[in-house]
Amino acid sequence: MTKVKINPGICGLITAVTAESEDQQEVTVTVQSGCESIRKMFEELGDTFDAFDVCLAKPGAGELYEYASEHFPGHASCPAIAGIIKCMEVECRLALPAT
């Protein structure tokens, strides 16, 4: 299990993510966020993803960013999506964890 706490800055809308994967490919995330847009994204997209599709996409691509580009208010510098993807990457051994 991998856990990440994302502090996005001045908005103060903390996002806490837990990622779990048994096979390092299918990953299930639990996302708790003060951000309504983030909460709605996971209500609509669900909680289980193919890690290779999400984590190995080009920057700004993939289903999380595609959803955000259609439904989020304009705020390009928000780190929440990148942090959620990083949590998935570490859980699926596609990135190194912080020590």
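Bear in mind the structure is a predicted one, so any value in this text is a computation, not a measurement.
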Give me the atom names and distance for the closest heavy-atom approach of Glu91 to Ser21. OE2-N, 3.0 Å
In this structure, CD of Gln25 is separated from CZ of Phe49 (nearest 0.5 Å) by 14.5 Å
Answer with yes or no whether the hydrophobic clustering places Leu56 together with Met88; edges join I, L, V, M, F, W, Y residues whose side-chain heavy atoms lie under 4.5 Å apart. no
Nearest heavy-atom approach of Leu13 to Ser33 is O-OG, 4.4 Å
Side-chain contact, heavy-atom cut-off 4.5 Å: Leu64 with Phe42? yes
Please examine the side chains of Thr30 and Asp47, heavy atoms only from C-beta on, and report whether any two atoms are closer than 4.5 Å. no
Do you know which two heavy atoms are closest between Pro73 and Ser37, and how far apart they sit? CD-OG, 3.5 Å
Between atom OG1 of Thr28 and atom CD of Glu22, what is the distance when rounded to the nearest 0.5 Å? 8.5 Å
Looking only at heavy atoms, the pair that brings Val29 and Ala19 closest together is CG1-CB, 4.0 Å
Starting from Ile6, can I reach Leu45 by hopping between I/L/V/M/F/W/Y residues whose side chains sit under 4.5 Å apart? yes
Leu94 and Phe52, any side-chain heavy atoms less than 4.5 Å apart: yes
What is the minimum heavy-atom distance between Val4 and Cys87, and which atoms define it? CG2-CB, 3.5 Å
Salt bridge between Lys40 and Glu44, side-chain N to carboxylate O under 4.0 Å? no
Kindly give the heavy-atom pair with the smallest separation between Val31 and Thr15, and that separation in Å. CG1-CG2, 3.8 Å
Separation between CE (Met41) and CD (Glu70), nearest 0.5 Å, reads 12.5 Å
What about Val17 and Tyr65, same hydrophobic cluster or not, with Ile/Leu/Val/Met/Phe/Trp/Tyr joined at side-chain heavy-atom distances under 4.5 Å? yes
Verify same cluster id: Ile85, Val90 (apolar side-chain graph, 4.5 Å): no
Within the 4.5 Å heavy-atom criterion, are Ile84 and Ile38 side-chain neighbours or not? yes
